[in-house]
Amino acid sequence: MPASATKSNATTEAQPPTAVDQAEVAASAHTAHGETGDAPKSGEPAATEPDTQQAADLAPEADRGIEGEIKAASAHAGDDGGTTDAQPSVDSVASALEDTSIVDAPLSAATAVDATTTPTSPSESDRMSRGLLSPGLSRTSSKAPATSHPLQGGDKPAVGLSPAEVASAILLKDGDAARAHGPGIMSGSGDSEHTAFSPQLRNSGSPLSSGSVRGIHSEIAEASEGEEDHEERQQRLFRAAERRRLQKEQMAQTMSSEEMESMRSGLSNAREFINSTELRILNGAFPDGLRGSLYLLGPGRLDIKYNVQRELEQATRVFTYGNIMDALPLLSKISFDPNAKTITHRSRLIAKQVAGRIQMEHGINTKVPGALYLTDTNQTMLSKFIPKATHHATPEGECCSQDIQLFMPLQGSSQTVVCTNHVGALQNIDPVDLRPRSIVEYKNVNRAFKGALSCPHMQYDANTREHFAVLQDVGFRTTTYSVVCISEAQPEGYVVANFTAQASILHSFAITQDYVVVPVYPFDSPLGGMSYRWSDSLLETLSFDSSQPVLFYVISREYRRVQCVYQSPAFFALHQINAVQEAATDSVSIDMVTYDDASVLRRLQIKSLRKSSSGFPLPAGTVRRFQLNGITLEASRYVGSKGSLSLIPPAHALTLRNEPVELCRVNPIISAKPYTYLYALGHVENMRGQPMQPAGTGAMYNCIVKLNINDVSEAPLIWSRTHCYPSEPVFVPRNDKEDDGYILSVFFDSMRITSCLVVLDATTLSEVLIAQLPAAIPVSFGHAKFAI
């Protein structure tokens, strides 16, 4: 039953609905009949600006046009199969914010720490001379880092510009973020010499577009062609700048500052595109030989509206998830066809029934203890007495949002995409159309698989085609860990080994040819299993204990037992990078991204990530290697002592790189083998020798970095664009060479509130291709996999 209206994640909205809410019903009728506003049809020339008097008369019309455009575009935020979003989707007012794209940006975007700005190419100089490409609108300068937050920027006026250039700069300037009109000309926040994209003006992905906006773009294009004299071009640009100002004022009145801040942060509800859509390539050309599909899993719905009946009126409130890892997922698929040289996209919200239950119950009534990381369920204490015994069996009735496992044999088929969570649920997804097939629990696969908690990151051995997982059965005094395996040869699965340890938040583990290594981090629960069974959020149940060590349990895949245990001073890790078994030294080395404690999980709260003042405090850890030496000798001691932990050998730790990074990936061909290069996300400010930012003010991941772990003196290669925030980099090999391939990532552009696919050359991190997605995808801590 619902809690009182004073819950932290339930926001009351006065009735009648806002203008955005009213527009949802009206615009959905237009969309159902295929209406697209007053955009010009294909083949027709764009509307040109009339004379001065006519342009003045059109100003009120432009004002009304942008209001209608915002209302209509915002209506698409609620088009999700019957449920209504709390806010417009991140792409819903993209055309009203900045009707631009990424055309004509330079292809070279990789830099080293000491690199200089890439000089302008002759082709770019030619386009600049014709006014088709403004100078300096390229990637982030390697000398000056990007702003730490997309809402930050300067408000200093431009100096040394002609009136026409001032008007053009006004059109390119969005909000209070500084935009560069040319190298060293525009005074702003000092964050970069360049902006992300060139100002070729077009719609940025919104399904509706106003004629007034297209008219402005037509004026700029005509003025750039040089067909009219200088004075007439100035007049046209000034009129367009004034109309742009009126549009911004109208938009500011229509949307609240909280809604705008949420959209700019990249943490707004997403739209789904069930049907396949061909992407438009903005920069570069189709990558040679790239074939397959990229599956991307991340947050899709963070806010859900529900209605509360009162005596005299109906109130609308908003349920907001607390932690980004609890949000309802969006699964996207981007396919590459080398024959047709096309890229297609589709996406689907795969937990709609969860959203429907939240609307009915006015919050979350979890069915499993610890089903959330840290979210207020908006339920009373009476809900604690409802038995928590089973998952929802409907295909879209479970939130599986934390990792993707490809082609796992499940329910008689290996042609699957499996989405996982941390409470033992597996969502079987059709790999073609992304349609959820069913929800399967581990205990449904094999009755010997026991445990309500599970490690969301499974491990796959490509040589044996085995999928490994770790389960936790939390008891009142002890916790039993079960390492389980499912393969094509044994689809019913089997238990590799069991051991007893303290309960822990386990996000990933490691495998080698002969071993499974499970790290158990030091967490403490005051009331043991009783606290766990009465809690909905893991972080309310388990607290990190820095006085206790981390234990590495080494399990033999052949003998199916625990071989030995190693210990290390307290730390916490979410993701392991690679594990290598060395026969010569009889050792196993595990590379991980480590933190001093588990506060990284609490820093993933959505409310703090949305606030510009918080500086997007997403964490970044340190790459460290833990060496487990003499496994055979230690195994004999462990077996001889009958599993006693009185004498535990140390795991020797070594810092591989000092650059703070997260979401690291390597070439999958060298998985479980010695390697040299890793690819990760990081903060560009911390990659260029600048001091580390204080805790709580670190920037959202705004760059992709390539690091040589064997040579710390080698400067990292960096790809970044101003106000752009990439997702986890995925390596697609091109041949047997370790760093010969492509890096795939989807980045969110906070200035234009849109998302794009970027393909990089893995050797140099230079841009190969950029393609614009039909809608913005929220920034995330999520994961992606590539399948051929």
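Side-chain atoms of D303 and T320 form a donor-acceptor pair, as typed in the model, at a separation below 3.5 Å.
No side-chain donor-acceptor contact under 3.5 Å links S525 to the backbone of L542. For the pair T541 (side chain) and S537 (backbone), a donor-acceptor distance under 3.5 Å is present. In terms of modelled atom types and a separation under 3.5 Å, the side chain of R610 and the main chain of S265 share no donor-acceptor contact. Of the possible polar contacts, one joining the Q472 side chain to the S504 backbone as a donor-acceptor pair under 3.5 Å is found. Using a distance-only test at 3.5 Å, with no hydrogens or angles considered, a donor-acceptor pair links the side chain of R357 to the main chain of G397. With hydrogens and angles ignored, the 3.5 Å screen pairs a side-chain donor or acceptor of Q605 with a backbone N or O of G322. No donor-acceptor pair under 3.5 Å is formed between the side chain of H422 and the backbone N or O of Q402. When atom types are taken as modelled, the side chain of S750 and the backbone of H723 share a donor-acceptor pair closer than 3.5 angstrom.
In this structure, OG1 in T375 is found 3.5 Å from CG in D326, a value given to the nearest 0.5 Å. Here the SG atom belonging to C419 is positioned 5.0 Å from the CD1 atom belonging to I429, to the nearest 0.5 angstrom. The structure places CD1 of I577 at 13.5 Å from OH of Y679, a figure rounded to the nearest 0.5 Å. Distance check, rounded to the nearest 0.5 Å: OG of S546 to CG of D524 gives 11.5 Å. One finds the CG atom of L681 at 9.0 Å from the CZ atom of F781 (value rounded to the nearest 0.5 Å). M325 contributes atom CE, which lies 10.0 Å from atom CG of L538 (distance to the nearest 0.5 angstrom).
Closest non-hydrogen pair, A371 versus V423, comes out as CA-CG1, 3.7 Å. Of all heavy-atom pairs between P456 and D403, the closest is O-CB, 3.5 Å. Here the closest heavy-atom approach between residue A776 and residue I753 is recorded as CB-O, 3.9 Å. I777 and S755 make their closest contact through N-OG, 2.8 Å (heavy atoms, listed as atom of the first residue, atom of the second, distance). Contact record, C703 with I718: CB-CG2, 3.8 Å, taken as the closest heavy-atom pair. Contact record, E398 with A351: O-CB, 3.8 Å, taken as the closest heavy-atom pair.
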Inset, instruction - List the steps, then state whether side chain to side chain contact (heavy atoms under 4.5 Å, CB included) holds for I358 with I364. - result: CA-CA 6 Å; I358 291 176; I364 301 177; 3.9 Å; yes
Legend entry - Check against side chain to side chain contact (heavy atoms under 4.5 Å, CB included), V661 and V623: CA-CA 7 Å; V661 294; V623 179; 3.5 Å; yes
Inset, instruction - I would like to know whether F273 and R346 meet side chain to side chain contact (heavy atoms under 4.5 Å, CB included); could you show each step before the answer? - result: CA-CA 5 Å; F273 291 82; R346 69 168 74 223; 5.5 Å; no
Legend entry - Check against side chain to side chain contact (heavy atoms under 4.5 Å, CB included), L374 and E540: CA-CA 7 Å; L374 190 59; E540 293 177 349; 3.8 Å; yes
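Two residues are said to be in side-chain contact when any heavy atoms from C-beta on lie closer than 4.5 Å; L349 and L328 fail this criterion. Side-chain contact between V550 and P522 is present, with heavy atoms from C-beta onward closer than 4.5 Å. Using a 4.5 Å cut-off on side-chain heavy atoms (C-beta onward), H345 and S332 make contact. Counting only heavy atoms from C-beta outward, the side chains of W719 and P726 approach each other to under 4.5 Å. Side-chain atoms of I404 and L331, non-hydrogen and from C-beta on, do get closer than 4.5 Å to each other.
Applying the ring pair (Phe, Tyr, Trp, His ring centres under 6.0 Å) test to F509 and every residue at least two apart in sequence or in another chain returns nothing. Partners of F523 under the ring pair (Phe, Tyr, Trp, His ring centres under 6.0 Å) rule, at least two apart in sequence or in another chain, are F544, F572. Considering only residues two or more places apart in sequence or on other chains, R348 meets the side-chain hydrogen bond (donor to acceptor under 3.5 Å, both in side chains) condition with none of them. Remark: E662 pairs with no residue by the salt bridge (Lys or Arg N to Asp or Glu O under 4.0 Å) rule, at least two apart or across chains. For Y595, the ring pair (Phe, Tyr, Trp, His ring centres under 6.0 Å) test picks out no residue, with sequence neighbours left out. With sequence neighbours left out, the side-chain hydrogen bond (donor to acceptor under 3.5 Å, both in side chains) criterion links H783 to H457, H575, E728.
Sparse packing is recorded around CG of D596, with 12 or fewer heavy atoms of other residues, nucleotides or ligands lying under 6.0 Å away.
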